[in-house]
Amino acid sequence: MENEERAAEERTAPDGTPAEAVAGAVAAAAGGPVAEASDEAAGEAAGEVPGEAVRARRRRRLVVGSLVGCLVLGGGVLVCLPGEGPAERGAPAAAPGARAGSAVRAGVAAALSDLAALVEERERAVRERPQDARSWAVLGTAYLEQGRRTAEVAVLYPKAERALRDSLKARPRGNADALCGLAALANARRDFPAALRWGEAARKAAPKRWTTYPQLIDAYTGMGDYKAALRALDALTALHSGPAVRGRAAGVYWDRGRREDAQAALADAAAGAVSPAEQAAWLERAGQLAWERGEREDALRHFQEAVRLDPDQRAAQAGQGRALAALGRTTEALSAYRVALERQPLPQYALELGELYESLGRARAARVQYDRLRTLVRQESAGGVDGQLTLGRFEADHGDPASAVRRLRAEWRRQPGVAVADALGWALHRAGNDEEALRFASIATDRVHGGAVYSAPYLHHLAVIERGSGKDGPARRHLQEALRINPYFSPLFGPAARAALAGLGEEPPPAELPG
């Protein structure tokens with residue numbers, strides 16, 4: 001067996017398209033003598049030491065239960081602050097590269113400085129051992145995480161893909177590390193069909209490797225297959241437990257409209273985090289959830305704590321901008337957005353900042369951000385990122401709605417997720433086609449399809465489309481629901497929603513029955 005594995009690692013497969021590479025990997029997994037990963041091997045793939053991981057989890061549960069001075073995540077759930085949390089649980093401090101390696105293999109956030117150390121170590125390893133398939137896979141995943149954290153995707157995503165493909169060349173059979181890394185890269189690029197192919201290949205290569213299932217959940221969600229995402233979550237929780245799994249479960253619950261379950265899962269994830277960067281990432285997610293519920297102060301507290309734990313947590317800085325704007329602290333909001341954009345220039349941040357400027361009557365400043373958004377989308381496309389959803393949303397409200405419809409129709413045919421349904425319905429409305437728009441807006445807010453019925457922006461879109469279709473009663477109810485969920489959902493469109501509701505007036509009393 002040892003000789004067979006060495007021979008497999010020395011074979012070189014030609015580089016090809018993702019579909020060709022996946023086909024070869026699946027065939028090898030189905031027909032070759034590839035041993036299924038044991039539970040211990042699955043733990044090793046996630047950066048755990050067999051036996052020690054179980055004991056560490058037990059120690060963490062005991063410590064979390066005894067700590068005080070915790071941060072409330074709403075609803076009475078507690079999350080340990082850093083003074084009593086991950087950094088002081090009695091375990092010896094790991095080296096930066098080791099910390100980052102464990103994090104990226106488990107699919108959780110790592111500090112940027114630790115990622116840099118990991119990249120340096122693995123670059124050195126592959127120079128010395130070019131056939132080291134695992135080092136190539138870890139290096140590719142580290143590049144991917146660096147790209148996510150810095151938005152330097154034009155450089156880092158192609159580097160990640162080359163490293164992951166080199167891992168497949170070094171070990172073309174049963175290489176779940178590389179296959180799972182390619183699935184994660186495809187998800188980051190919003191290429192969900194490719195993510196699904198890579199993820200399924202990784203699952204066939206190592207069915208008990210738990211870190212594959214989060215990638216499948218993301219891919220199924222992007223494809224609009226929420227039942228499959230739920231099944232993948234069930235498989236994940238049967239294989240593993242811990243912060244990464246609880247955090248992933250929170251995303252599925254969130255998409256299904258189970259907000260209290262999502263809140264509890266995020267609290268568990270933050271309480272069990274093993275590094276400040278990981279804890280900050282879960283707190284940022286908890287802040288997003290609080291924001292979507294219209295809880296401005298609670299959202300701001302989560303975002304602020306996330307930035308305190310990890311100053312490179314730019315999503316939390318943008319979240320601060322969102323919450324501060326809703327609280328009327330406009331100057332601080334603008335500053336928070338500018339910092340987030342400077343350090344992690346993402347199109348979504350530029351769109352939010354532009355709309356904040358527009359809501360303040362600063363049209364020229366808004367146009368600067370809208371131009372910046374287009375530039376950022378072009379830069380991301382050089383790294384393979386699909387920016388059609390972002391551009392479609394932007395063009396529908398601030399550019400050419402007909403162009404938005406064309407982009408989003410193509411996106412819907414390729415990957416029909418709920419976010420695309422909402423964006424396409426809104427673009428069709430803005431282009432004057434309310435009849436077709438209503439069909440897509442209904443999909444986006446239908447519990448059966450996505451459970452996004454609790455999304456204030458989606459319900460606002462549905463209500464405006466209904467009003468344009470002469471359905472004043474449903475429009476009134478959906479506007480009321482949107483503003484009840486989060487009356488601050490947008491500095492630009494929130495006031496428009498309130499004005500539309502006022503224009504509809506009070507609901508007429510029911511007609512009296514004759515006799």
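Residue numbers run from 1 in the order of the sequence given.
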Among side-chain atoms of [X] and [Y], is any donor-acceptor pair under 3.5 angstrom?
X: Tyr357; Y: Gln369; answer: no
X: Arg378; Y: Ser381; answer: no
X: Glu284; Y: Gln288; answer: yes
X: Asp191; Y: Gln415; answer: no
X: Trp282; Y: Asp268; answer: no
X: Gln146; Y: Tyr157; answer: no
X: Gln131; Y: Trp136; answer: no

[atom1] of [X] to [atom2] of [Y]: how many Å apart, nearest 0.5 Å?
X: Arg148; Y: Leu346; atom1: CZ; atom2: CG; value: 12.0 Å
X: Arg248; Y: Leu233; atom1: CZ; atom2: CG; value: 9.5 Å
X: Arg129; Y: Arg124; atom1: CZ; atom2: CZ; value: 9.5 Å
X: Leu168; Y: Leu182; atom1: CG; atom2: CG; value: 6.0 Å
X: Leu376; Y: Tyr349; atom1: CG; atom2: OH; value: 11.5 Å
X: Leu196; Y: Asn187; atom1: CG; atom2: CG; value: 9.0 Å

Is the backbone of [Y] close enough, under 3.5 Å, to the side chain of [X] for a donor and an acceptor to pair up by distance?
X: Asp114; Y: Ala110; value: no
X: Asn175; Y: Ala133; value: no
X: Glu120; Y: Ala116; value: no
X: Ser403; Y: Gly399; value: no

**OP:** Could you check Arg314, Gln313, Gln320 and say which one makes a side chain to side chain donor-acceptor pair (under 3.5 Å) with Gln317?
**Re:** Arg314
Do you know the tightest heavy-atom contact between [X] and [Y]?
X: Gly247; Y: Ala269; value: N-CB, 3.8 Å
X: Ala277; Y: Ala111; value: CB-N, 3.5 Å
X: Gly199; Y: Leu216; value: C-CD2, 3.6 Å
X: Leu424; Y: Val405; value: CD1-O, 4.0 Å
X: Leu373; Y: Pro347; value: CD1-O, 3.4 Å
X: Gly140; Y: Ala160; value: O-CB, 3.3 Å

Charged N to carboxylate O below 4.0 Å: is that the case for [X] and [Y]?
X: Arg374; Y: Asp371; answer: yes
X: Asp177; Y: Arg209; answer: yes
X: Arg203; Y: Glu200; answer: yes
X: Arg189; Y: Glu161; answer: yes
X: Arg407; Y: Glu395; answer: no

**OP:** Would you sort out whether Ser135 and Arg122 count as a side chain to side chain donor-acceptor pair (under 3.5 Å), showing the intermediate values?
**Re:** CA-CA 6 Å; Ser135 285; Arg122 295 299 169 148; 3.1 Å; yes
Original post:
Given Glu352, which of Arg322, Arg393, Arg372 fulfils the salt bridge (charged side-chain N to carboxylate O under 4.0 Å, His left out) condition?
Top reply: Arg322
**OP:** Carefully, step by step, assess Gln344 and Asp312 under the rule side chain to side chain donor-acceptor pair (under 3.5 Å).
**Re:** CA-CA 9 Å; Gln344 190 182 16; Asp312 293 316; over 6 Å; no
Subject >> Qualifying ring pair (Phe, Tyr, Trp, His ring centres under 6.0 Å) pairs with a residue from residues 377-412, counting only residues at least two apart or across chains >> reply: Tyr370-Phe394, Tyr370-His398, Phe394-His398, Trp412-Phe440
